[in-house]
Amino acid sequence: MNRWTDRAVGALGFLASAVVLRLLSGSHAGPFVTDEAGYLGNARWLGGTGGRWLMDTSPYYRWGYSVLLVPVHWITSDPADQFRLVLLVNLALLASLFP
């Protein structure tokens, strides 16, 4: 394939990934209180935007995914906005798998 074909396939793959993520997350209003609480709590702690984070009912979560969510906490503290920004982070991660 040539360079333009590669770019077109990449763009179509990214758009398809965006549509799939939107369809999968469209019926959820978020935020939730299971895995999301663990990952977002860790991100808040890593970003220095929150105090002590207790997860009494959640298991321990590693910091790998949470570190990608730290900028979300730097940008906004509104839970609804955070949920939408986390969807954008997830979209970028999903689209990066396409190539």
Side-chain angles (χ1 to χ4, degrees):
M1 289 197 277
N2 63 37
R3 183 172 30 153
W4 293 107
T5 305
D6 292 343
R7 289 181 182 172
V9 169
L12 288 174
F14 179 83
L15 290 174
S17 298
V19 168
V20 167
L21 181 65
R22 181 65 184 131
L23 290 174
L24 292 174
S25 62
S27 63
H28 302 292
F32 305 104
V33 291
T34 53
D35 288 345
E36 290 82 358
Y39 292 119
L40 291 174
N42 285 345
R44 185 169 37 246
W45 180 78
L46 287 168
T49 57
R52 189 170 162 211
W53 182 245
L54 297 175
M55 293 182 288
D56 296 331
T57 59
S58 299
Y60 177 75
Y61 291 88
R62 299 285 181 182
W63 59 269
Y65 175 60
S66 296
V67 77
L68 298 175
L69 301 179
V70 168
V72 169
H73 292 284
W74 290 340
I75 294 170
T76 183
S77 62
D78 179 56
D81 290 339
Q82 286 178 345
F83 182 75
R84 285 188 282 275
L85 289 172
V86 167
L87 287 179
L88 289 176
V89 171
N90 290 341
L91 171 63
L93 291 172
L94 178 65
S96 72
L97 295 176
F98 180 74

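Computed from a prediction, not measured in an experiment: that's the story for all the values here.
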Using the rule that two of Ile, Leu, Val, Met, Phe, Trp, Tyr join whenever any of their side-chain heavy atoms come within less than 4.5 Å, decide whether Leu12 and Val20 are in one cluster.
no
For [X], give me all partners under side chain to side chain contact (heavy atoms under 4.5 Å, CB included), at least two apart in sequence or on another chain.
X     : result
Leu87 : Ser25, Phe83
Leu15 : none
Val89 : Leu68, Leu69, Val72, Leu93

Side chain to side chain donor-acceptor pair (under 3.5 Å) pairs touching residues 70-79, sequence neighbours excluded, are His73-Gln82
Would you please name every residue forming a side-chain hydrogen bond (donor to acceptor under 3.5 Å, both in side chains) with Arg84, sequence neighbours left out?
Asp81
